[in-house]
Amino acid sequence: MYPEYMHPSLKKVEQTRNKRFELAKSGKPVFPPMSAEERDTVLHKFHPDYKSDARRKVHIGPNKGEVITSEVADILESHSRIDPSLFDLSSPDYETDILIIGGGGAGCAAAITAMQEGSKSVVSTKLRLGDANSMMSQGGMQAATSVTDTPTRHYLDAIGGGHFDNKPELVRALTEDGPEIVKWLENLGVVWDKDDEGNLQLLHGGGTSRRRMHSCRDYTGAVILRTLMDEVRNHPDKITYLEFMPTVELILDSKGRVAGGILYNMETEEYFTVKANATIIATGGYGRLHIRGFDTTNHYGATADGLIMAYRAGARLLYMDSVQYHPTGAVFPEQIAGFLITEKIRGAGGQPVNKEGELFVFPREPRDVESSAIIRECYEKMMGIKTPSGRLGVWLDSPLIEMLQEEGYINKQFPAMHRQFIHYGIDITKEPMLVYPSLHYQNGGIEINDKCETNLPGLFVAGEASGGVHGRNRLMGNSVLDYNVFGRRAGLNAAAYIKSVKLGPLSLQHVSDYEKALKDAKIKTNRIAPVLLPSYTPENVRKRQLTSHYEGTLR
Amino acid sequence: MTEGKKKTTVKTSPKEKNTEEMVTVFIMGKAHKVPSKATIMGAIEYAGYQIKRGAGCREGFCGACATVYRLPGDYKIYTGLACTTLVEEGMWLSQLPALPAQKAIYDINKVKPDVTAFQKFYPEVFRCVSCNTCTKSCPQDLEVMDYVQAAIRGDIGKVMDLSFDCICCGMCAIRCPAEIVQFNVGLLAKRLYGKYLNPKSKQLDKRIKEIRDKKYHKGYLELMKMDKKKLEKEYYARDSEA
Ligand SMILES: Cc1cc2nc3c(=O)[nH]c(=O)nc-3n(C[C@H](O)[C@H](O)[C@H](O)COP(=O)(O)OP(=O)(O)OC[C@H]3O[C@@H](n4cnc5c(N)ncnc54)[C@H](O)[C@@H]3O)c2cc1C
Ligand code: FES
């Protein structure tokens, strides 16, 4: 239920709705899309990345000297969880063809593909299998499947959305594999939204010039990932998954090839060694680092672990200077602050409006532009709505969708969203939602090529942990596609790679070397990474937690 | 301040400290005073626990946070998701860290999309006594018993439809007197429906064939050769479908 004082503003949204409905029906853009210059201006003035302390130089490692997101630089300049001298690597606890780090979408897709190629894998994952950002996507997956669309048009949209910084070979892989992925997933049993003739239901997303968003109601991620997980579980002879067993360091061999990892049992606090002929990092993003204090849409384990492990071993990172804030996170009620309001709401005709009920931005600008415009509306134009706890937000007019589509559309297409708000007495078929940008996606990551290879032999990366596919800004629907396309490619290429590998003696020397580099650069810190889990313990409790030594949130 | 809050605070844990109304809840039997507006997950963290098991997505999608609770003066057992359920005065709660559940192993390419699938892989489905406890315990308010009944009839489409929003929290399975694992039944049905029964898109097959026949190869080469300026021009000049 919205508090009394918001009612006049809600009334205004209602009053302008008919006018905006007519506008939307006319088929013309409901608000003029921004030109290149306008985009540039709003980004520089309002995007959080452009704040003076948002980025800093990193002082050690492969990207030394580069200016990147400050919180990421902090993670990179941190100590390991382990003392390498305590580990006996001569008799590993597990030996397998491929170690896959991360049991989300990319990890599962890789495991299934590698299995189909005859390779065995161990999947190390932090929480349960599938507790991952992939479980949460609601909006959908892009793929150029319609008659009016082409894969090359998809390429143009993606590279424009990414400010032309995307690596061309990766965008080609992403967009050219797209239709095949739709089919692959359907063959595994994913229930795509379709009409009775089998035509795929397609919607727009931010930055798309053709309708190409495929969905499974608003449980797209859950339906896809549960299908993949079920398939993983159907092959216990080939795929061993270890839950609550995150990887905390990579292992190299004497020739500098990546050869497995050190796993940490978060419950018994034991460490285990895995020897593998190839390793795939699929650890996802970093929302739980709460960059610049933002709330996040991400799952509990999104703490950039893959980045630091790979970096210590010598892998190069790409575009770690750019953070994605989703334009529409919930700001009210407080309990769901940061929760994602899927972009599909705008794809279906929902409009962001200010406290006067007026449109102020084209609803489907690329995400960074849309977010910046919302921040501008709140903090420069002062046209936002204040929440009881003092946050600002703008309305996202969802009842309009029922007028544009048909009655009952929201319940059918957005059951998850509807549920989330009805818990708090807000019926989104009748009232708008209050939104503000929320920390959403790691645009950059470990640099890969179109075979998911990195600059380290034996190390493959797929999904949100990788860098280059989306340039400096990802479009909605391209990362569900990403984790499928590159998850599959990683599995395939790792399986091919291991055919010719004979590993030498294993080593953790790079961890010791990194420790020395920290010292040489005179970096004094008690930060430890991978972070594994964020801490939400209140200050007064923490004051009593007097155990002499914690490593991050865990002993 | 033009952006997020400065301090890293969790969205599910409350911020306004002293001004806030508090309630007493019993977390695994221990009394804690927590803000009245907190979610169960927020309350557990407010009380000082570092959750390991019991939190996944934190937004109602993964089912990691299944919680059972009772309320004072009420004999009923309630179920809920810790990440989206609010605390109440006197609530006695415990999370379910994991759940024993049978999952059949099958080759999806060889399973027939009809009643035989359930007969073979989840025969306990036929033990359903229609008590409706599963439906009552579903935090997503799904018609669980109805889809179990649909499975008995072999109506895969109905099982798919009714179980679509299932997040596999396991509350139904742990309460079921017939020992059915409803969510795995739903999952099998969805896979069978998606693979065999959802009508096929001819256009999709056509597009895949075009790509295999390298229809877009030249177009790609041209785009990949373009410098930023040229690409920018193409991008901003492109038309947009309604
Ligand atoms: C709420 C939400 C909605 C979204 N909606 C959409 C959408 O509609 N369309 C779209 O295209 N994209 C969407 N995205 C983005 C997309 O879902 C993700 O980018 C994508 O799923 C990432 O997949 P992944 O496999 O790379 O990472 P994840 O799915 O996050 O998987 C990473 C896994 O690795 C595990 N892990 C982390 N660290 C370690 C470690 N040290 N050792 C072992 N395991 C570890 C994690 O716990 C997790 O299980 C959304 C994201 C969110 C958060
Ligand atoms: S934590 Fe995922 S459903 Fe609650």
Side-chain angles (χ1 to χ4, degrees), chain A residues 27 36 48 127-128 131 135-136 145 147-148 150-152 155-156 159-160 164 168 172 176 179-180 182-183 186-187 189-191 194 197-200 209-211 217 219 222 226-227 230 233-234 266 290 292-295 299-300 335 337-339 375 379 389 415 420 423 536-538 541 553, chain B residues 2-8 10-13 15-16 37 39 45-46 48 50 52 55-62 64 84 103 105-106 108 160 164-165 167 187 190-195 198-201 203-204 207-208 211 216 219-220 223-224 228 231-232 234-236 238-242:
Chain A
L127 302 164
R128 303 174 313 166
D131 288 346
M135 188 57 85
M136 310 168 74
T145 57
V147 195
T148 54
T150 59
T152 40
Y155 180 102
L156 193 60
I159 208 159
F164 309 98
R172 177 172 182 173
E176 206 173 14
E180 178 74 43
V182 175
K183 189 82 188 175
E186 178 162 274
N187 280 337
V190 166
V191 187
K194 290 182 176 181
E197 264 99 69
N199 299 307
L200 288 151
S209 67
R210 292 288 183 271
R211 282 185 283 116
R217 303 185 191 170
Y219 285 94
R226 289 206 192 284
T227 302
D230 193 53
R233 291 184 171 132
N234 276 345
M266 293 206 294
H290 292 288
R292 300 195 68 68
F294 269 84
D295 288 321
H299 87 288
Y300 190 35
Q335 294 92 335
F339 279 34
I375 295 176
Y379 286 94
S389 64
Q420 232 153 41
H423 278 304
Y536 298 126
T537 312
V541 174
T553 51
Chain B
T2 59
E3 28 183 44
K5 301 158 278 98
K6 258 296 176 222
K7 262 202 352 244
T8 302
V10 61
K11 66 190 178 199
T12 42
S13 79
K15 279 128 213 147
E16 322 92 56
K37 284 186 188 151
T39 58
E45 289 174 333
Y46 185 91
Q50 172 75 47
K52 287 183 194 168
C57 68
R58 303 176 71 105
E59 288 188 24
F61 287 93
C62 74
T84 55
K103 171 182 141 47
I105 304 277
Y106 40 79
I108 195 73
M160 177 281 294
F164 205 88
D165 301 358
I167 57 169
L187 188 54
K190 269 173 273 192
R191 290 192 67 182
L192 292 174
Y193 187 88
K195 185 174 172 67
N198 210 5
K200 297 279 170 279
S201 157
Q203 165 58 23
L204 176 62
R207 175 56 44 82
I208 292 170
I211 292 172
Y216 301 100
Y220 271 119
L223 279 166
M224 290 167 75
K228 183 169 169 182
L231 264 176
E232 219 166 39
E234 291 274 323
Y235 177 74
Y236 284 101
R238 79 206 196 289
D239 68 321
S240 191
E241 178 174 60

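The analysis underlying the following values was restricted to heavy atoms, covering all of them including side chains, and did not include hydrogens, waters or symmetry mates. Reminder, nothing fancy here: chain letters follow the sequence lines and each chain counts from 1. All values derive from a computational prediction rather than experimental measurement.
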Considering only heavy atoms, which portion of A:Val190 lies under 4.5 Å from any heavy atom of chain B: side chain, backbone, both, or neither?
-> backbone
Closest heavy-atom contact between A:Arg226 and B:Phe61?
-> NH2-O, 3.5 Å
Of the listed B:Gly48, B:Gly219, B:Gly56, B:Ala55, the one with the largest count of heavy-atom pairs under 4.5 Å with chain A is B:Gly56
Donor on one side chain, acceptor on other, A:Gln335 and B:Thr39, under 3.5 Å = no
Taking all non-hydrogen atoms of both residues, which atom of A:Asn234 and which atom of B:Tyr106 are closest, and how far apart?
-> ND2-O, 3.0 Å
Work out which heavy atom in A:Lys194 is nearest to a heavy atom in B:Lys200; give both atom names and the distance.
-> NZ-CA, 3.8 Å
Taking B:Gln203 for its side chain and A:Leu200 for its backbone only, find out whether a donor-acceptor pair lies under 3.5 Å.
-> no
Taking C-beta and beyond as the side chain, do A:Thr227 and B:Lys190 meet within less than 4.5 Å on heavy atoms?
-> no
Given A:His299, A:Arg172, A:Arg233, the one with more heavy-atom pairs under 4.5 angstrom with chain B than any other is A:Arg172
Within-4.5 Å side-chain heavy-atom neighbours: B:Met160 and A:Val191 | yes
Taking all atoms of both residues into account, what is the closest heavy-atom pair of A:Lys183 and B:Leu204, and its distance?
-> CD-CD2, 4.0 Å
Minimum side-chain heavy-atom gap B:Glu59-A:Gln420 below 4.5 Å = yes
Heavy-atom donor-acceptor pair, A:Arg211 side chain to B:Ala242 backbone, under 3.5 Å = yes
With rounding to the nearest 0.5 Å, note down the distance linking CE in A:Met136 to SG in B:Cys57.
-> 5.0 Å
Just wondering, do A:Pro151 and B:Tyr220 contact through their side chains at under 4.5 Å, heavy atoms?
-> yes
Which of parallel (below 30°), tilted (30 to 60°) and perpendicular (above 60°) describes B:Tyr236 and A:Phe164?
-> tilted
Toward chain B, the part of A:Leu127 with a non-hydrogen atom under 4.5 Å = side chain
Any idea which of A:Pro168, A:Ala222, A:Ala36 has the most non-hydrogen atom pairs under 4.5 angstrom with chain B?
-> A:Ala36
Residue part contacting chain B, namely of A:Arg128, when any heavy atom lies under 4.5 Å = side chain
Taking all non-hydrogen atoms of both residues into account, name the closest pair between B:Gln50 and A:Thr537 and its distance.
-> OE1-OG1, 4.5 Å
Is it true that A:Arg210 and B:Asp239 have a side-chain N and a carboxylate O under 4.0 angstrom from each other?
-> yes
Contact check, side chains of B:Ser201 and A:Glu197, non-hydrogen atoms, under 4.5 Å = no
Go through B:Ile167, B:Leu192, B:Ile208, B:Asp165 and name the one with the most non-hydrogen pairs under 4.5 angstrom from chain A.
-> B:Asp165
Test item: B:Leu231 and A:Leu156 side chains (from C-beta on) under 4.5 Å apart, heavy atoms | yes
Any donor-acceptor pair under 3.5 Å from A:Glu186 side chain to B:Lys195 backbone | no
Compare every heavy atom of A:Asp131 with every heavy atom of B:Ala64, then report the nearest pair and how far apart it is.
-> CB-OD2, 3.9 Å
Picking from A:Asp230, A:Asn199, A:Asn187, A:Val147, which has the most non-hydrogen pairs under 4.5 angstrom with chain B?
-> A:Asp230
Under the side chain to side chain contact (heavy atoms under 4.5 Å, CB included) criterion, do A:Ile159 and B:Tyr235 qualify, and how do the steps go?
-> CA-CA 9 Å; A:Ile159 208 159; B:Tyr235 177 74; 5.9 Å; no
